[in-house]
Student: 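Have a look at the structure that comes next, please.
Order of appearance sets the numbers: ligands from 1, and atoms from 1 within every ligand.
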Amino acid sequence: MQTPLSLSSVEVSVVIPVYNEEGGLQALFDRVYPALDSLGESYEVIFVNDGSVDRSPQMLAAQFHKRPDVTRVILFNGNFGQHMAILAGFEHTRGRIVITLDADLQNPPEEIPRLVAEMRKGHDYVGTIRRQRNDSAFRRYASRAMNRLREKITKIKMTDQGCMLRAYDRNVIDTINACREVNTFIPALAYTFSSNPVEIEVGHEQRHAGESKYSLYQLIRLNFDLVTGFSIVPLQWFSAIGTVLSISSAGLFVILLIRRFLLGSEVQGVFTLFALNFFLVGIMLFGIGLLGEYVGRIYQEVRDRPRYRIQAVLERDPRDPKTDNAAEASCAQ
Ligand code: UDP
Ligand code: MG
């Protein structure tokens, strides 16, 4: 039904990051390929193994040998994170439309045709909103609060930032590929480059197998990256807070000076002073931390190390569609 991969013929590329997903991979294969077949267009599926330590790489290799005409597998030699895996996938895509999907089947592959249809209407970015999110209540509330804060700080309008089932136009992908950011958040990056974005509602399912790969700390880090990577508004807010505090402490000083002359020396209010001091020290430490976030980002950028390392790429040589090819150990930035 599909034409073999070649530079010009692929319409839809699907990028799937995989990290220790052996329990759900077979179910993923069983649903992704039929969903794409139903499109009736040429496609490729790019799996990026993000340094899994279970049987995922073997299962991906087996799948590649089963469907070499439409499958490509990128094997990292370590765990570089979901977003780096997707970026590596992007660099290997050829499709005019690129779709990202989680490997745990929380994003139903059957929604892909709806995303493609939306792109065909002329949009260059299709974001998604999970109709009924199947995650813990804590994650739902925390992510709603973060969504609101992020929208204020970054001007990026995403109703549901966490859903990775999204579609991007070739031009947006090319621009993302030209970026060399170390810690980034792909849906937000793509949003800043898109000119005609749209959002649609999609289904959301329970994880098919295994557990979420994100700890609470990693989720907090991801949100910090999202805010500091796309805006310097927090720094500007901090300068504003600093200015207000300086003016109020100058006022306090004047009041205390007047009282000193009118009432003589006073010793009451020591604890109020303590409270005030702790409060100010807290603000100062927060400010230093915030500054550190930006300095850290600059440090990571100027080091300019490769963002990930590819151990092998399993793909069929486009010039010779009969042979399967495993390109070895290329180092990508
Ligand atoms: N993932 C990855 N590298 C990581 C963590 C996760 O490639 O270091 C992949 C994972 O295999 C899955 C997707 O990213 O396909 C989303 O991960 P997960 O389902 O654990 O996140 P959640 O749905 O809990 O946000
Ligand atoms: Mg998930």
Student: Under the salt bridge (charged side-chain N to carboxylate O under 4.0 Å, His left out) rule, collect the residues that match up with Asp30, sequence neighbours excluded.
Tutor: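 Counting only residues at least two positions away or on another chain, Asp30 forms no salt bridge (charged side-chain N to carboxylate O under 4.0 Å, His left out).
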Student: Tell me if the aromatic rings of Phe90 and Tyr168 count as close, with their centers under 6.0 Å from one another.
Tutor: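 Yes, the ring of Phe90 comes within the 6.0 Å limit of the ring of Tyr168, centre to centre.
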Student: Pairs under 3.5 angstrom, nitrogen or oxygen on both sides, ligand 1 versus protein: list them out, please.
Tutor:
| from | atom 1 | to | atom 2 | distance (Å) |
| --- | --- | --- | --- | --- |
| ligand 1 | 3 (N) | Asp50 | OD2 | 2.6 |
| ligand 1 | 3 (N) | Gln82 | N | 3.4 |
| ligand 1 | 8 (O) | Asp50 | OD2 | 3.3 |
| ligand 1 | 8 (O) | Asn79 | ND2 | 3.2 |
| ligand 1 | 11 (O) | Tyr19 | N | 2.9 |
| ligand 1 | 11 (O) | Glu21 | OE2 | 2.6 |
| ligand 1 | 15 (O) | Pro17 | O | 2.8 |
| ligand 1 | 15 (O) | Ala103 | N | 2.8 |
| ligand 1 | 19 (O) | Asp104 | OD2 | 2.5 |
| ligand 1 | 19 (O) | Arg207 | NH2 | 2.9 |
| ligand 1 | 20 (O) | Arg207 | NH2 | 3.1 |
| ligand 1 | 20 (O) | Lys213 | N | 2.5 |
| ligand 1 | 23 (O) | Gln106 | OE1 | 2.8 |
| ligand 1 | 24 (O) | Arg139 | NH1 | 3.0 |
| ligand 1 | 24 (O) | Ser212 | OG | 2.5 |
| ligand 1 | 25 (O) | Arg139 | NH2 | 3.1 |

Student: Checking Glu181 now: which residues fulfil side-chain hydrogen bond (donor to acceptor under 3.5 Å, both in side chains) with it, not counting sequence neighbours?
Tutor: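 By the side-chain hydrogen bond (donor to acceptor under 3.5 Å, both in side chains) rule, Glu181 matches Thr184.
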Student: Could you go through Ser231 and Arg150, starting from their C-alpha distance and side-chain angles, then the distance that decides it, and tell me whether this counts as side chain to side chain donor-acceptor pair (under 3.5 Å)?
Tutor: CA-CA 10 Å; Ser231 163; Arg150 188 222 57 243; over 6 Å; no
Student: Same cluster for Ile241 and Ile232 if Ile/Leu/Val/Met/Phe/Trp/Tyr side chains link at under 4.5 Å?
Tutor: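 Yes, it is one cluster - the side chains of Ile241 and Ile232 are joined through contacts under 4.5 Å.
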Student: So, Ser13 and Glu44: side-chain donor and acceptor under 3.5 Å apart, yes or no?
Tutor: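 Side-chain D/A pair, Ser13 to Glu44: present.
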Student: Among Val126, Ile99, Asp102, Ile200, whose side chain to side chain contact (heavy atoms under 4.5 Å, CB included) with Leu165 holds?
Tutor: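 Of Val126, Ile99, Asp102, Ile200, side chain to side chain contact (heavy atoms under 4.5 Å, CB included) with Leu165 is met by Ile99 alone.
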Student: Assign the ring pair Phe238 / Phe286 to parallel, tilted or perpendicular, where the plane angle (0 to 90°) is split at 30° and 60°.
Tutor: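 If you compare the ring of Phe238 with that of Phe286, the planes turn out tilted.
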Student: Counting no waters, what protein N/O/S atoms lie under 2.8 Å from the Mg ion (ligand 2)?
Tutor: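 The answer, once waters are left aside, is Asp104 OD2, Gln106 OE1.
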Student: Does the side chain of Leu280 reach to within under 4.5 Å of the side chain of Met284, using non-hydrogen atoms?
Tutor: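 Answer no - side chains too far apart.
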